[in-house]
There are 2 protein chains.
Amino acid sequence: MSIRHGLLALLERGPRYGSQLRTEFESRTGSTWPLNVGQVYTTLSRLERDGMVAQGGEDGAGHTLYTITDDGRAELRAWFEKPVDRTSPARDELAIKLAMAVGAPNVDIRDVIQSQRRHTVKAMQDYTRLKAQALLAVESGGARERDDVAWLLVLEQLIFQTEAEARWLDHCESRLIRLSATARSAPDAPDAQSEPDAPAAGAPAPAPAPVARAGARTDRP
Amino acid sequence: MSIRHGLLALLERGPRYGSQLRTEFESRTGSTWPLNVGQVYTTLSRLERDGMVAQGGEDGAGHTLYTITDDGRAELRAWFEKPVDRTSPARDELAIKLAMAVGAPNVDIRDVIQSQRRHTVKAMQDYTRLKAQALLAVESGGARERDDVAWLLVLEQLIFQTEAEARWLDHCESRLIRLSATARSAPDAPDAQSEPDAPAAGAPAPAPAPVARAGARTDRP
DNA sequence: CCGCGACGATATACCCGGTATACATACTGA
DNA sequence: TCAGTATGTATACCGGGTATATCGTCGCGG
């Protein structure tokens with residue numbers, strides 16, 4: 001339901017036609033999420049079906065314009081006011097993969113973690129490069145200032161998420177080592193050593209683990 | 001493509017029938033991602049169509065069993081070996097929302113950020129509670145040890161992600177304040193103060209911002 | 001004994017997002 | 001003038017997410 005509302009938000013600034021919406025959507029997100037044109041039209045027709053949007057006239061060049069309706073505006077406000085639900089989060093393929101790799105035959109979960117970390121760190125570097133560009137764009141403040149700020153925020157979201165993923169991978173590795181050690185030493189009588197380095201329950205201030213430094217692995221020494 | 005492979009992974013341990021797969025999938029992820037039964041059957045029939053899985057006989061109770069094929073095993077290995085692609089990440093509704101809220105009329109982006117933070121912090125607390133339970137389960141090491149470990153890892157992924165989201169929200173707030181200040185003071189001549197607190201380019205060691213401490217806001221003083 | 005609801009198991013229909021592709025129009029340059 | 005390219009619109013298909021329909025079995029109370 002995010003494209004739907006994204007288009008509504010763009011339409012609130014005035015009537016637009018299909019591929020114009022695509023362009024504006026992408027300039028907000030800096031082509032981080034390339035939006036297929038087809039989605040715009042299908043989404044627009046659904047919005048029209050639901051009374052959020054009405055097909056207006058044409059502009060000078062003959063493009064059929066879409067206009068937001070009052071229902072659409074109400075829906076948009078509700079969207080902005082209600083937080084995104086994080087109590088039933090989206091499935092994460094990587095998490096599923098590791099969950100399935102735990103104790104799976106013929107799979108060394110360490111290999112999975114390490115190759116994933118290489119990839120994640122590489123993505124992190126790409127984002128960091130992009131962020132440097134975005135900062136330049138924002139600071140040189142052209143007419144597209146608003147779009148540039150939005151792009152910067154989106155990029156930083158990706159950076160924070162990716163960085164968390166890298167730290168989680170590190171954490172998985174050390175946790176698995178710890179668990180297999182205690183499992184071997186005391187299979188049925190676990191000692192109650194609780195939580196050396198995890199985000200502690202109740203006060204989860206994250207350990208500032210160094211990540212992606214100079215493109216190397218992120219293993220702890 | 002993650003349910004597909006998740007089911008394949010479960011089937012590698014031996015033939016299973018439909019709702020048994022559902023149960024096992026959920027016990028791995030601790031009902032974090034409740035899997036609708038329907039998806040299992042549709043996914044199984046697609047897997048069968050693609051030759052990854054074959055319908056075996058029945059078990060004692062008359063359940064039709066599915067068995068992984070060699071093609072399925074190959075696909076599964078490839079899945080484990082190839083890292084999850086993070087260079088074209090999934091759309092994040094929250095990021096889109098903030099991108100659209102930047103400079104939108106009639107929307108105070110600060111309100112959006114703050115109400116979202118309340119929600120995110122609350123989700124964080126729920127996860128933290130669940131993690132405590134999961135740790136108990138793992139340490140008391142029953143027969144479901146493998147499932148419990150998998151659930152713990154999944155939970156910790158959610159915690160790391162949620163914590164990153166909270167920090168990103170804090171970051172957005174301070175960045176927007178900073179930007180609006182420089183924009184007002186020098187609309188066309190931005191001073192080149194670069195990056196007080198963001199994960200710095202090249203060496204993105206995150207600032208250890210206190211988050212969700214005692215359930216309060218996460219604003220910096 | 002019979003009906004009835006609870007539950008386990010299977011199957012199907014619908015919506016939305018993601019991708020690719022068809023198609024039409026207009027602009028441009030050899 | 002015609003080919004090629006860019007722009008704009010529309011449609012088909014797939015997979016994931018959700019809800020619902022359909023059975024059969026079991027247990028339980030009337």
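In what follows, every chain begins at residue 1, and chains take the letters A, B, ... in the order their sequences are listed.
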**Student:** What's the verdict on side-chain contact (heavy atoms from CB on, under 4.5 Å) for A:Arg129 and A:Gln125, showing C-alpha distance, side-chain angles and the deciding distance?
**Tutor:** CA-CA 6 Å; A:Arg129 255 187 292 279; A:Gln125 290 168 339; 4.2 Å; yes
**Student:** Take atom CG of B:Asp92 and atom C1' of C:dG17, then tell me their distance rounded to the nearest Å.
**Tutor:** 15 Å
**Student:** Could you work out, with salt bridge (charged side-chain N to carboxylate O under 4.0 Å, His left out) as the rule, every residue matching A:Asp108, not counting sequence neighbours?
**Tutor:** none
**Student:** Could you report the tightest heavy-atom contact between A:Ala164 and B:Ala164, atom names first, then the distance?
**Tutor:** CB-CB, 3.6 Å
**Student:** Evaluate side chain to side chain donor-acceptor pair (under 3.5 Å) for A:Thr87 paired with A:Asp85, printing each intermediate quantity in order.
**Tutor:** CA-CA 6 Å; A:Thr87 59; A:Asp85 183 28; 2.6 Å; yes
**Student:** Counting only heavy atoms and a strict 4.0 angstrom limit, can you tell me which residues of residues 66-74 of chain B come near DNA chain C?
**Tutor:** none
**Student:** With heavy atoms of chain A within less than 4.0 Å as the criterion, where does contact along DNA chain D begin and end?
**Tutor:** D:dG8 to D:dG17
**Student:** For residues 12-52 of chain A, which residue pairs qualify under ring pair (Phe, Tyr, Trp, His ring centres under 6.0 Å), counting only residues two or more places apart or in two chains?
**Tutor:** A:Tyr17-A:His63
**Student:** Taking the side chain from B:Arg77 and the backbone from A:Asn106, do they hold a donor-acceptor pair closer than 3.5 Å?
**Tutor:** yes
**Student:** Heavy atom of residues 34-51 of chain A under 4.0 Å from DNA chain C: which residues?
**Tutor:** A:Asn36, A:Gly38, A:Gln39, A:Arg46, A:Arg49
**Student:** Any side-chain N or O of B:Arg91 less than 4.0 Å from the OP1 or OP2 oxygen of C:dG18?
**Tutor:** yes
**Student:** Let me know the distance between CH2 of A:Trp33 and C1' of C:dT19, rounded to the nearest Å.
**Tutor:** 18 Å
**Student:** Rounded to whole angstroms, how far apart are NE2 on B:His63 and P on C:dC7?
**Tutor:** 17 Å
**Student:** Donor-acceptor pair, distance only, cut-off 3.5 Å: does the side chain of B:Arg110 make one with the backbone of B:Glu173?
**Tutor:** no
**Student:** Taking atom P of C:dG8 as reference, at what distance in whole Å does atom CZ of B:Arg16 sit?
**Tutor:** 18 Å
**Student:** Which ring pair (Phe, Tyr, Trp, His ring centres under 6.0 Å) pairs, counting each pair once, include a residue from residues 66-97 of chain A, with sequence neighbours left out?
**Tutor:** A:His5-A:Trp79
**Student:** Could you tell me whether A:Arg167 and B:Glu163 have a side-chain N and a carboxylate O separated by less than 4.0 Å?
**Tutor:** yes
**Student:** Nearest whole Å is fine: how far is C:dG8 P from B:Leu21 CG?
**Tutor:** 16 Å
